[in-house]
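Working notes for the structure below.
Remember, predicted model here, so these are calculated numbers, not experimental data.
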Amino acid sequence: NVVVIHPDNDKPSKQRWTPAVVKKLGELKNKPRVMVCELPDLPEKGDMVDWIQQRLPNWDGYDLVNAPEQLKEQLRDTIRANVTEADEWSKNNHGIEVIQGGWSEPEELPSIVAPVPGFDVNLLPVKLQDWAQHGAENLNAPLDYIAVASMVQAGSILGRKVTIHPKRFERWCVVANLWGAIIGPPSMKKSPAIKYALRPIRHLQRLAMELHEQDMAAYHRDMILLEGQIDQAKLELKRALKKHDTDEGRRLADEIAELQEQALAPNARQYYVSDSTIEKLAILLQENPNGLLQERDELMGWLRGMEKQGREQDRPFYLETWEGDGSYTVHRMSRESVHCNGMALSVFGGIQPGPTSEYVADTLRGGVRDDGMLQRFQLAVWPDPIANYRYSDKLQESTVYATAESVFFHLNDLAAVDVGAEIPEDGLPFLRFDDEAQQLFIDWITTLNTTKLTGDIHPAMQSHLSKYESLMPSLALI
């Protein structure tokens, strides 16, 4: 048996479909002899129908049996002159070797991803370098993971206490509120790295909870006295109203309001949250105006959760928290409205490569995800896996962790006056660059806007890079 294949005059037919047909025929139990014939004089993308109609204009494209005998003979002669064995045809004409009965051995595809440069520990503040290096070595995790977690954590603890005005005269205020993500498969120790890096903020949270327990114990003692004072003031108010003593009534009403305000339970200082509705988060941000860190071991669950039915307001809420100086009002029928002014929410967590690639692709296609959410993760790192495993169990000197933790505790205790920040009447305390740093910033932002944000650049990448304008001064402030 002989099968002759006539490919169309285009690349897909010759480089993809014809080899595929040859392969399938070669897998048959009774394999035929497979040959290929490229008909001459075909137009671009033309096929056998075009070849026949060039010679028989009125042909309907179906009935070749009743075609003139002269045309049939011409077709047979043309096939004989141009036919060749399938594997020979593929080798000679297209560089694809097709073996009847199966494919040839596959060749290794070249890598299209350039190696990721290793993280330079000197980019971190000096007091954090030994601690970060020790954690990366003992965990056998990329240094990038601990470095990014450290900077997001530091920015969140600093919060809105001190900001920076990157320009000398314009009142452009930048809060060091950062979003970060560490990307990698489960084997790259994302969760252990997060746990190691966030020890300082978790320590601060424990201390805050202990202090809150003491405050609550004192509050319950004071409430006994306050409740008695309120009850007594209410009795006196009733007497004053019976006597139609309006002035005394107003004084007592003010006294009762002041006592009730004192009776409000103290709020617990929060440093981070893991999972919360936006209604509760708005209350927590209102109670913690310096800001919070939202930490999620798996960020994709958080991102996809915002797309569920009934949570349509989550995305605009979180988008508003990124700058660290936005405001938002949550209205609900079932509870009192909550207005939060000056929201600062840092976000940090891990994510796997597969979901990351899928999310990026969806963002590039446009739609609801193309709203700048992804571009806000300015400190997102996707390092190469560590090539060679090295067992490490070094004892960390107590001074190494103490030195690193002191950085975060210093940021926690920092007051604007301690660093000579300007304190305006209608804004947040701020610092400015000195003359040398100001010129460096001018040169950097000019290069960013004249080279990185021009030319043939995808709008999504342009949006990402444009947010570096606040990233650079944020890191400088920290």
Contacts table for residues 412-420: side-chain donor-acceptor under 3.5 angstrom, sequence neighbours left out:
| from | atom 1 | to | atom 2 | distance (Å) |
| --- | --- | --- | --- | --- |
| Asn412 | OD1 | Tyr271 | OH | 2.7 |
| Asn412 | ND2 | Tyr271 | OH | 3.4 |
| Asp418 | OD2 | Ala415 | N | 3.1 |

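- Trp382 meets the side-chain contact (heavy atoms from CB on, under 4.5 Å) test with Ile183, Pro353, Thr356, Ser357; sequence neighbours excluded.
- Side-chain contact check for Trp322 versus Trp179: some heavy-atom pair is nearer than 4.5 Å.
- Counting heavy atoms of neighbouring residues, nucleotides and ligands inside a 6.0 Å radius, atom OH of Tyr389 exceeds 12 of them.
- Legend: residues meeting salt bridge (charged side-chain N to carboxylate O under 4.0 Å, His left out) with Arg221, ordered by chain and number and at least two apart, are absent.
- Considering only residues two or more places apart in sequence or on other chains, Asp275 meets the salt bridge (charged side-chain N to carboxylate O under 4.0 Å, His left out) condition with Arg296.
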Show your reasoning for whether ring-ring contact (aromatic ring centres under 6.0 Å, His included) applies to His464 and Tyr468. CA-CA 7 Å; His464 176 72; Tyr468 279 22; 5.2 Å; yes
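- Atom CD of Glu44 has more than 12 neighbouring heavy atoms from other residues, nucleotides or ligands inside a 6.0 Å radius.
- In this structure Arg199 satisfies the salt bridge (charged side-chain N to carboxylate O under 4.0 Å, His left out) test with no other residue, sequence neighbours excluded.
- For Lys195, the NZ atom sits in a loose shell: 12 or fewer heavy atoms of surrounding residues, nucleotides or ligands are nearer than 6.0 Å.
- Between the side chain of Asn177 and the backbone N or O of Ser346 there is at least one donor-acceptor pair closer than 3.5 Å.
- How far CE of Met373 is from CG of Asp314: 9.0 Å, rounded to the nearest 0.5 Å.
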Could you please spell out the steps behind the ring-ring contact (aromatic ring centres under 6.0 Å, His included) verdict for His203 and Phe408? CA-CA 10 Å; His203 188 186; Phe408 301 102; over 10 Å; no
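- Remark: the Ser191 side chain and the Asp297 side chain contain an N/O donor-acceptor pair separated by less than 3.5 Å.
- Contact annotation: the side chain of Leu281 approaches that of Gln294 to within less than 4.5 Å [non-hydrogen atoms, C-beta and beyond].
- When atom types are taken as modelled, the side chain of Gln129 and the backbone of Leu124 share a donor-acceptor pair closer than 3.5 angstrom.
- Residues satisfying the side-chain contact (heavy atoms from CB on, under 4.5 Å) test with Pro383, not counting sequence neighbours, are Pro142, Asp144, Tyr145, Met188, Val381.
- Evaluation of the side-chain hydrogen bond (donor to acceptor under 3.5 Å, both in side chains) rule for Arg160 yields Asp325 as partners, not counting sequence neighbours.
- A perpendicular orientation is assigned to the rings of Trp302 and Tyr318, their planes being inclined by more than 60° (bins at 30° and 60°).
- Nearest approach of Lys14 to Pro7, heavy atoms of both residues: CG-CB, 4.2 Å.
- Checked by atom type and distance alone, the side chain of Gln375 pairs as donor or acceptor with a backbone atom of Ala460 at under 3.5 Å.
- Within the 4.5 Å cutoff, side-chain heavy atoms of Leu123 are placed close to those of Phe119.
- Note that the OG atom of Ser463 and the CG atom of Asp370 stand 7.5 Å from one another [nearest 0.5 Å].
- The closest side-chain heavy-atom distance from Leu465 to Ile457 is below 4.5 Å.
- Within a 6.0 Å radius of CD in Gln438, more than 12 heavy atoms belonging to other residues, nucleotides or ligands are found.
- We find the CZ-CG distance between Arg269 and Asn290 to be 5.5 Å, quoted to the nearest 0.5 Å.
- In this structure, Glu210 does not pair ionically with Arg206, as no charged nitrogen and carboxylate oxygen lie closer than 4.0 Å.
- With sequence neighbours left out, Ser274 forms a side-chain hydrogen bond (donor to acceptor under 3.5 Å, both in side chains) with no residue at all.
- Residues forming a side-chain contact (heavy atoms from CB on, under 4.5 Å) with Met209 (at least two apart in sequence, or on another chain): Gln205, Ala268, Gln270.
- When every heavy atom of Ser470 is checked against every heavy atom of Val174, the shortest pair comes out as O-CG1, 3.7 Å.
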Identify all side-chain donor-acceptor contacts of residues 228-239 below 3.5 Å with residues at least two apart in sequence or on another chain.
| from | atom 1 | to | atom 2 | distance (Å) |
| --- | --- | --- | --- | --- |
| Gln232 | NE2 | Glu236 | OE2 | 3.3 |

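- With sequence neighbours left out, the salt bridge (charged side-chain N to carboxylate O under 4.0 Å, His left out) criterion links Asp247 to Arg250.
- Residue-environment remark: CH2 (Trp172) exceeds the threshold of 12 foreign heavy atoms within 6.0 Å.
- In the displayed structure, Met223 atom CE is contacted under 6.0 Å by more than 12 heavy atoms of other residues, nucleotides or ligands.
- Counting heavy atoms from C-beta outward, Pro185 and Gln352 have side chains that stay 4.5 Å or more apart.
- Asn140 contributes atom CG, which lies 9.5 Å from atom CG of Asn388 (distance to the nearest 0.5 angstrom).
- Between Leu285 and Leu292 the shortest side-chain heavy-atom distance falls below 4.5 Å.
- With sequence neighbours excluded, the residues satisfying side-chain contact (heavy atoms from CB on, under 4.5 Å) with Asp443 are Gln439.
- At least one side-chain heavy atom of Ile201 sits under 4.5 Å from a side-chain heavy atom of Leu293.
- With a 4.5 Å cut-off on side-chain heavy atoms, Leu252 and Glu248 count as touching.
- Salt bridge annotation for Arg304-Glu358: present, with a cationic side-chain nitrogen under 4.0 angstrom from a carboxylate oxygen.
- No more than 12 heavy atoms of other residues, nucleotides or ligands lie within 6.0 Å of CD in Glu323, so this atom counts as exposed by the packing criterion.
- Taking a 6.0 Å sphere around CD of Glu397, one finds it holds 12 or fewer heavy atoms contributed by other residues, nucleotides or ligands.
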